[in-house]
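Remarks on the structure that follows.
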There are 4 protein chains.
Amino acid sequence: MIKAAVTLFKQKGFHRTTTREIAKESGFSIGTLYEYIGSKEDILYLVCDAIYDEVRENLMQRLNHDVEGIESLKSAIAALFKVIDDLQDEVLVMYQESKSLPKEALTYVLQKENGMVAMIEEVIKECVVRGDLHLSEDEVKLGANNILVQAHMWTFRRWVVQNKYSLEEYTDLQTNLILKGLLKN
Amino acid sequence: MIKAAVTLFKQKGFHRTTTREIAKESGFSIGTLYEYIGSKEDILYLVCDAIYDEVRENLMQRLNHDVEGIESLKSAIAALFKVIDDLQDEVLVMYQESKSLPKEALTYVLQKENGMVAMIEEVIKECVVRGDLHLSEDEVKLGANNILVQAHMWTFRRWVVQNKYSLEEYTDLQTNLILKGLLKN
Amino acid sequence: MIKAAVTLFKQKGFHRTTTREIAKESGFSIGTLYEYIGSKEDILYLVCDAIYDEVRENLMQRLNHDVEGIESLKSAIAALFKVIDDLQDEVLVMYQESKSLPKEALTYVLQKENGMVAMIEEVIKECVVRGDLHLSEDEVKLGANNILVQAHMWTFRRWVVQNKYSLEEYTDLQTNLILKGLLKN
Amino acid sequence: MIKAAVTLFKQKGFHRTTTREIAKESGFSIGTLYEYIGSKEDILYLVCDAIYDEVRENLMQRLNHDVEGIESLKSAIAALFKVIDDLQDEVLVMYQESKSLPKEALTYVLQKENGMVAMIEEVIKECVVRGDLHLSEDEVKLGANNILVQAHMWTFRRWVVQNKYSLEEYTDLQTNLILKGLLKN
DNA sequence: GATGAATGAGTCTTCATTCAT
DNA sequence: TATGAATGAAGACTCATTCAT
């Protein structure tokens with residue numbers, strides 16, 4: 001059902017997708033759909049929740065714990081970018097439609113997103129602790145946010161970036177810019 | 001009318017705002033509104049178009065042509081961030097609702113957005129030409145995109161960044177990260 | 001519109017009547033119907049309100065102010081019964097469906113009904129004051145309620161009373177019972 | 001099951017009560033409920049039928065056969081009022097919802113109601129035969145109907161009468177008015 | 001030009017009823 | 001026999017759009 005909703009939300013957006021369409025695409029009747037949900041907004045919430053969990057789970061699996069320091073950060077960035085690429089449609093839907101969530105549900109989803117940022121922060125912090133990076137706490141936090149946004153950017157500016165770069169190129173370029181900045185040396 | 005629409009779209013989103021509400025907020029009758037537009041989507045288009053122009057215009061005014069090289073880039077970033085901060089609501093609306101534009105209109109808006117990126121690119125390129133930065137064309141392009149996205153990020157992740165930083169702090173931190181990267185030395 | 005609703009409510013009851021049917025019967029479109037009302041319950045409220053006013057107005061016109069004492073009470077009863085007979089369908093609808101009103105509206109309608117009872121009370125009281133009747137305040141109040149209920153009874157037990165009596169017979173019999181009671185002597 | 005239905009119908013009315021709710025309140029599953037009934041209307045029929053029988057049975061038990069003449073009528077009125085008071089909720093439900101019965105079932109219920117009236121008639125007739133009352137057949141019939149309606153009135157105008165009188169006061173006042181009428185002497 | 005009453009297709013949601021297990 | 005998941009027809013209500021005045 002969630003898969004069906006993602007498919008439709010991706011194509012037409014949340015508001016333009018009807019509950020009937022979701023039911024049909026799910027293979028349920030409209031009545032059955034409403035056995036499982038209370039309102040259309042619930043579907044959006046379930047969708048966002050499921051997507052977030054899927055992103056997180058996939059990311060967990062890809063994180064390479066065999067490397068350390070800068071290498072572990074690089075590998076985390078690559079893993080994140082790859083996961084977002086794999087779940088492109090889902091992430092885009094979450095990005096574009098989560099604002100339609102009722103306030104409470106939105107808060108909950110944002111908290112999950114914060115958890116995501118925290119994961120990246122951890123990796124950066126480790127590098128700081130090891131002495132590989134010299135960053136203030138603010139810089140760590142903002143850097144983590146930047147990395148996540150650049151991952152999302154692969155989807156929400158896809159008409160620019162995906163037309164121009166392969167995922168590998170994008171990953172390499174961004175990794176470079178993130179780590180070294182524009183100002184080389 | 002556009003102001004009215006922006007106000008309402010910001011509060012409730014495009015789909016949840018009715019044409020009646022827009023008419024009322026504009027001080028027009030619904031009949032008169034439809035003298036100026038052909039469909040509700042037209043309003044969104046006009047809104048996006050107007051916002052883009054306003055952003056561009058404000059940016060132009062703020063760009064400091066008295067400085068050169070890295071300083072001109074820094075000042076351009078600060079100017080951009082300030083403009084986006086000033087037009088926060090508008091930018092957010094454009095960000096969240098432009099996906100609801102009909103294909104053609106969306107393309108048009110995206111082109112304008114590309115123009116925006118091009119402006120930033122120009123500033124970076126100049127630094128490259130002057131030898132202040134050593135960057136490939138791909139890096140220039142992506143860097144420009146990153147800068148714009150980080151400006152927008154000030155609005156679309158405002159619940160994180162605006163809670164944590166003042167605009168000046170945010171600008172300084174981001175400028176630092178953009179220019180020097182995480183890897184300091 | 002109210003006429004249409006009464007007709008339909010009478011035939012099928014409030015709950016079995018659809019807003020579409022009301023719109024159609026009124027000669028409005030469903031959209032236009034909702035220009036005038038906020039919800040289906042509003043229609044019921046308007047209907048009840050209108051019926052009450054019509055009953056009251058008709059009653060006012062029929063009240064004979066040329067007679068006094070017992071005669072004025074008799075004439076009031078006859079007038080009341082006649083009015084209820086004329087507005088039979090309307091009264092029945094109000095009787096059967098007013099319980100579906102939202103609490104607040106119900107309270108309002110009941111107040112109007114109390115006003116009706118008060119009118120009858122006045123007539124009885126006058127007789128008491130004149131010395132034609134010897135009744136406690138409680139008896140006056142309850143008697144007035146009884147008279148109104150017996151008027152309504154002409155509609156809500158019509159399958160019994162209207163099959164057996166003409167309105168005149170019913171009026172005469174009830175007037176007799178009301179005034180003299182079962183116990184004649 | 002019937003108890004459950006009465007409880008719910010009283011709270012929310014027939015139309016606003018769902019079969020699921022009735023099943024739940026009864027402790028049955030919805031499937032099992034439909035083993036016993038054919039449609040939702042059947043429940044209403046069963047409810048009305050059961051209520052009627054209960055009223056009749058209770059009344060039978062209360063009727064005092066030790067008194068005669070006017071006293072037996074007085075005692076019958078008091079018994080009826082007491083029974084209706086005891087079964088207030090049930091009677092009210094029957095009163096308000098029986099109109100939703102399918103035609104045939106309604107006819108059946110009305111016949112049972114007629115049986116009720118006949119019981120009262122019998123008591124009055126006995127007084128007439130004994131010479132305690134001097135009434136035409138029409139007056140007997142209508143008087144019996146009035147008595148039943150005044151009993152019901154204790155429930156359907158409860159917001160007026162139950163606020164103002166205790167059951168004993170109401171019984172005494174009504175008995176007085178019924179027997180002696182407004183016109184005392 | 002300006003108005004706003006009228007339209008009706010389209011939306012979400014409910015709920016009586018069925019039937020495979 | 002008892003269950004409760006599944007059904008889908010039907011209902012209340014919304015809102016973009018039109019057009020007579």
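Within every chain, numbering begins at 1; the chains are lettered A, B, ... in the order of the sequence lines, protein sequences first and strands thereafter.
- Here D89(A) pairs with K10(A) under the side-chain contact (heavy atoms from CB on, under 4.5 Å) rule; sequence neighbours left out.
- L92(B) approaches F156(B) most closely through the heavy-atom pair CD1-CA, 3.9 Å.
- Of all nucleotides in DNA chain E having an atom under 4.0 Å from a heavy atom of chain C, the first and last in 5' to 3' order are dA6(E) to dG10(E).
- Of the inter-residue distances, the one linking H152(D) atom NE2 with R158(D) atom CZ reads 13.5 Å to the nearest 0.5 angstrom.
- In this structure, the helix from dA2(E)-dT21(F) to dT21(E)-dA2(F) shows an angle of 0° between the axis at its start and the axis at its end, each fitted on 5 base pairs and rounded to 10°.
- To the nearest 0.5 angstrom, I2(B) atom CD1 is 11.0 Å from L44(B) atom CG.
- Here the NZ-CG distance, from K24(B) to L8(B), works out to 11.0 Å after rounding to the nearest 0.5 Å.
- Within residues 6-27 of chain A, the residues having any heavy atom closer than 4.0 Å to DNA chain F are, in order of number, R20(A).
- F28(B) is linked by a ring-ring contact (aromatic ring centres under 6.0 Å, His included) to Y36(B), counting only residues two or more places apart in sequence or in another chain.
- Each of F28(D) and E35(B) was assigned the nucleotide of DNA chain F with the nearest heavy atom; the assignment lying further toward the 5' end belongs to F28(D).
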N/O donor to acceptor pairs below 3.5 angstrom from side-chain atoms of residues 97-104 of chain B, sequence neighbours left out:
from, atom 1, to, atom 2, distance (Å)
E97(B), OE2, F14(B), N, 3.2
S98(B), OG, M94(B), O, 2.9
K99(B), NZ, Q96(B), O, 3.4

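- The residue among E41(A) and S39(D) whose nearest nucleotide of DNA chain E lies closer to the 5′ end is E41(A).
- Between the OH atom of Y34(C) and the P atom of dA16(F) there is a distance of 18 Å, given to the nearest Å.
- Using a 4.0 Å cut-off, no side-chain N or O of T32(D) falls inside it from OP1 or OP2 of dA2(F).
- Surrounding NZ of K112(C) are more than 12 heavy atoms belonging to other residues, nucleotides or ligands, all under 6.0 Å away.
- Atom OG1 in T18(C) sits 11.0 Å away from atom CD in E25(C) (nearest 0.5 Å).
- If you take CD1 of I30(B) and P of dA16(F), they are 8 Å apart, rounded to a whole angstrom.
- To the nearest angstrom, P of dA12(F) lies 9 Å from CD1 of I43(C).
- When distances run from any side-chain atom of K40(C) to the nucleotides dT7(F), dA12(F), dT3(F), the shortest one goes to dA12(F).
- Looking at E21(B) and K40(B), no side-chain N of the basic residue comes within less than 4.0 Å of a carboxylate O on the acidic one, giving no salt bridge.
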Item to check | Criterion salt bridge (Lys or Arg N to Asp or Glu O under 4.0 Å) on R157(C) and E113(D), from CA distance to verdict | outcome: CA-CA 11 Å; R157(C) 287 182 85 78; E113(D) 172 111 346; 2.7 Å; yes
